[in-house]
A.B. asks: 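Next up is a structure, given as structure tokens.
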Amino acid sequence: MEVASKLHAIDWIILSATLIFIVAYGTYVTRKNKNVTDYIKGGNDSKWWTIGLSVMATQASAITFLSTPGQAFHSGMGFVQFYFGLPIAMVIICLVFIPIYHKLKVYTAYEFLEGRFDLKTRSLAAILFLIQRGLAAGITIFAPAIILSAVLGWDLLLLNIVIGFLVIIYTVSGGTKAVNVTQKQQMIIIFIGMLIAFFMIMSQLPANITFTKALEIAGASNKMEVLDFSFDLSNRYTVWTGILGGTFLMLSYFGTDQSQVQRYLSGKSVRESQLGLIFNGLLKVPMQFFILLIGVMVFVFYQFNASPLNFNPGANEEVLRSEYVAEYQQLEAEHIEIENDKRAIFLDGFQVEEKEKIQKLNERDLALKASAKEIIEKVNEKSIKKIESNDKDYVFIHFIINNLPRGLIGLLLAVILSAAMSSTTSELNALASTTAIDLYKRNVGEEKSDEHYVKASKWFTLLWGIIAISVACVANLFDNLIQLVNIIGSIFYGNVLGIFLLAFFIKFVKGNAVFIAALITQALIVWVFLLDWLPYLWLNALGCGLVMGIAIILQLFMGKKEKSYE
């Protein structure tokens, strides 16, 4: 693919102007932050809509807009069930977490744990957050970088560094307020871009294919199966994993992850913070549904237009230079034949009774794609550089580059990079705040001035930015990037949530019992994950239950032991 010809001057102008505006605006409006309250809590003057958009932008990284459409393209709408627990979690956090945080006037979520338990429990929770969020920050930079690198031919290392340092500039300068004000602009760009993408997809379908008919075509390939009420533990996405596992994950993420807590700690009042989270809870599931629907419409588009056997152009190029080229081209020829058969059925006027025929053609095509991946893996074994056989993350960007008119390509690329920046800024901001407040300030012997801690936070932001860029530069693609971020979170979040629930509700449990229980739980969760015993969403509920159960048992045992010494 001649990628250089896909980007025109207008695309470069729109892309560059958008990114420069965000960085300049965020730096300018927050240039006067001088104390810790301004820098870490944004001056406590954020309105509910700013909080709501900032919370949403923090979660909606570039991975959301690259991986989610690809997830729907391959697997359908079922992934939306992952978010079913979010509204429930928002209500619980509004009723329990926010009033406590605001009452105690904490800068970070983990400050509360020292008052309730002890310093070592606070430090452990902060360190668990720093580990998982530090890794995630690297992935949120790496995700768009590797995909744009593969599709556009841009240098991967340079992309990682450019995205990282664009974010560092205004996050170091303005802190939390810079993150909040820029995320409003970024979410507006994202919403506009995704709406335009949807209407452009629909406009490029054949004239007789209405939206209703497009849904019927998607349904014929089982892409519209939104709800799965089965209790099959091997199935990652069901109503039950979404409501139960998803609720625990969202409680942990929005209630105890500093990258989100810091967004609503900046609220002008408890009410503003609560309204912001409720706004997020009401809008997030429909937004994810819409993004998945875009992926399904891309699938429908490719029922009438040629699609590659594998959407990763880098993988295709490597195979075509390998000894397996003839075998791969044979698979491509069969893939084209299947596409032509399906196109003939749909253009002739799809009938419900033809669904079985369509599904058999899909099964044959899936088998071809699996064979293609096996060939790519064989090439990968002999290649110096990493080649990714799984192409889910490349589907949407392939459509953008090859099918949108000039100007819109630049806008959609701006959407992807804006999302990467919005999520990464929140993560760096939270990593720096947690390091400065929970580790540095708490363990410095003498009291320092506000100006000192602002400077320290800025240096820690720079440090974590460099660490995130470093992680991005050495990272490798996983099965699906949006899953990777959630898997990393699920390994740690349940444990941290359990610590907070013990702090809120189980008053007789003390610090020593919680600290030991948290260490044991983290080791057990890593073990369960490595053995692949449960879908990753269930790790959140398991981790939460384990740390609470072990802590209660340990406290009862310690209490008896203390009594026996009396």
Side-chain angles (χ1 to χ4, degrees), residues 85 88-89 92-93 95-133 244-245 247-258 261 434 437-439 442-443 489-531 533-534 537-566:
I88 301 169
I92 295 171
I93 291 167
L95 294 176
V96 178
F97 290 66
I98 289 177
I100 292 174
Y101 290 152
H102 274 268
K103 182 181 178 182
L104 297 176
K105 294 182 169 59
V106 295
Y107 287 101
T108 75
Y110 316 109
E111 276 186 88
F112 163 68
L113 294 179
E114 182 178 357
R116 172 63 180 84
F117 295 125
D118 50 34
L119 176 58
K120 65 179 181 293
T121 304
R122 171 186 179 177
S123 299
L124 176 62
I127 289 168
L128 290 176
F129 162 73
L130 291 174
I131 292 170
Q132 65 89 10
R133 188 48 58 189
L244 298 176
T247 297
F248 278 95
L249 174 60
M250 300 303 172
L251 271 176
S252 304
Y253 177 52
F254 289 98
T256 70
D257 188 305
Q258 183 62 20
V261 173
T434 302
I437 299 299
D438 292 296
L439 299 183
R442 186 59 188 84
N443 291 286
S490 295
I491 292 171
F492 294 94
Y493 277 143
N495 192 4
V496 177
L497 175 62
I499 295 171
F500 274 85
L501 293 182
L502 285 165
F504 290 148
F505 301 115
I506 314 296
K507 299 300 183 184
F508 75 90
V509 176
K510 308 301 180 187
N512 286 337
V514 173
F515 182 77
I516 296 168
L519 291 175
I520 294 170
T521 297
Q522 197 58 64
L524 289 173
I525 289 297
V526 171
W527 183 50
V528 171
F529 170 72
L530 292 175
L531 292 175
W533 282 353
L534 287 172
L537 273 178
W538 290 104
L539 296 178
N540 297 281
L542 179 63
C544 184
L546 276 175
V547 72
M548 294 183 74
I550 294 170
I552 290 169
I553 292 169
L554 284 173
Q555 187 61 52
L556 292 172
F557 175 75
M558 290 175 178
K560 287 182 180 179
K561 201 169 183 181
E562 287 170 1
K563 286 183 180 179
S564 67
Y565 285 125
E566 291 176 357

A.B. asks: Set out, in order, the CA-CA distance, both residues' side-chain angles and the distance that settles side-chain contact (heavy atoms from CB on, under 4.5 Å) for Leu128 and Gln522, then state yes or no.
C.D. replies: CA-CA 9 Å; Leu128 290 176; Gln522 197 58 64; 3.9 Å; yes

A.B. asks: Out of curiosity, Glu111 CD to Lys105 NZ, how far, rounded to the nearest 0.5 Å?
C.D. replies: 12.5 Å

A.B. asks: In Å, rounded to the nearest 0.5 Å, how long is the span from CZ of Phe254 to CD1 of Ile98?
C.D. replies: 11.5 Å

A.B. asks: When you measure from the side chain of Tyr110 to the backbone of Thr121, do you find a donor-acceptor pair of N or O atoms at a distance under 3.5 Å?
C.D. replies: no

A.B. asks: Could you tell me which non-hydrogen atom of Tyr101 sits nearest to which non-hydrogen atom of Ala109, and how far apart they are?
C.D. replies: OH-CB, 3.6 Å

A.B. asks: Looking at CD1 of Ile92 and CZ of Phe504, how far apart are the two atoms once the value is rounded to the nearest 0.5 Å?
C.D. replies: 11.5 Å

A.B. asks: I would like to know whether Leu251 and Ile93 meet side-chain contact (heavy atoms from CB on, under 4.5 Å); could you show each step before the answer?
C.D. replies: CA-CA 7 Å; Leu251 271 176; Ile93 291 167; 3.8 Å; yes

A.B. asks: Looking at every heavy atom in both Met558 and Ile516, which two are closest together, and how far apart are they?
C.D. replies: CE-CD1, 3.7 Å

A.B. asks: If we only count heavy atoms from C-beta on, is the Ile491 to Gln132 side-chain gap below 4.5 Å?
C.D. replies: no

A.B. asks: Is there a side-chain contact between Leu539 and Val528 (heavy atoms, below 4.5 Å)?
C.D. replies: yes

A.B. asks: List the steps, then state whether side-chain contact (heavy atoms from CB on, under 4.5 Å) holds for Ile520 with Leu546.
C.D. replies: CA-CA 9 Å; Ile520 294 170; Leu546 276 175; over 6 Å; no

A.B. asks: Is the shortest side-chain heavy-atom distance between Trp538 and Leu542 below 4.5 Å?
C.D. replies: no

A.B. asks: Run Asn540 and Leu497 through side-chain contact (heavy atoms from CB on, under 4.5 Å) and show every step you take.
C.D. replies: CA-CA 8 Å; Asn540 297 281; Leu497 175 62; over 6 Å; no

A.B. asks: With rounding to the nearest 0.5 Å, note down the distance linking OG1 in Thr521 to CE in Met548.
C.D. replies: 11.0 Å

A.B. asks: Identify the two heavy atoms, one from Ala551 and one from Leu502, that lie closest to each other, and give their separation to 0.1 Å.
C.D. replies: CB-CD1, 3.7 Å

A.B. asks: Any side-chain heavy-atom pair from Val514 and Leu113 closer than 4.5 angstrom?
C.D. replies: no

A.B. asks: Would a distance-only check, ignoring hydrogens and angles, find a side-chain to backbone donor-acceptor pair under 3.5 Å from Asn495 to Ala518?
C.D. replies: yes

A.B. asks: Do other residues, nucleotides or ligands put more than 12 heavy atoms under 6.0 Å from Lys507 NZ?
C.D. replies: yes

A.B. asks: Considering non-hydrogen atoms only, spot the tightest contact between Thr434 and Ala126 and give its length.
C.D. replies: CG2-CB, 3.7 Å

A.B. asks: Indicate yes or no for a side-chain donor-acceptor contact from Gln555 to the backbone of Ile552 under 3.5 Å, with no hydrogens or angles considered.
C.D. replies: no

A.B. asks: Counting N and O atoms only, with roles assigned by atom type, does the side chain of Glu114 sit under 3.5 Å from a partner on the main chain of Ser123, one being a donor and the other an acceptor?
C.D. replies: no

A.B. asks: Side-chain contact test, heavy atoms from C-beta onward, threshold under 4.5 Å: evaluate it for Asp438 versus Phe129 and give yes or no.
C.D. replies: no

A.B. asks: Begin from the C-alpha positions of Phe112 and Phe97 and carry the test ring pair (Phe, Tyr, Trp, His ring centres under 6.0 Å) through to its verdict.
C.D. replies: CA-CA 11 Å; Phe112 163 68; Phe97 290 66; 8.9 Å; no

A.B. asks: State, to 0.1 Å, how close Phe508 and Leu556 come at their nearest heavy-atom pair, and which atoms those are.
C.D. replies: CE1-CD2, 4.0 Å

A.B. asks: How long is the straight-line distance from CG of Asn512 back to CG of Leu554, given to the nearest 0.5 Å?
C.D. replies: 10.0 Å

A.B. asks: Going from CD1 on Ile550 to CZ on Phe557, what distance comes out if it is rounded to the nearest 0.5 angstrom?
C.D. replies: 14.5 Å

A.B. asks: So, for Asp118 and Lys120, which heavy atoms are closest and what is the spacing to 0.1 Å?
C.D. replies: OD2-NZ, 2.9 Å

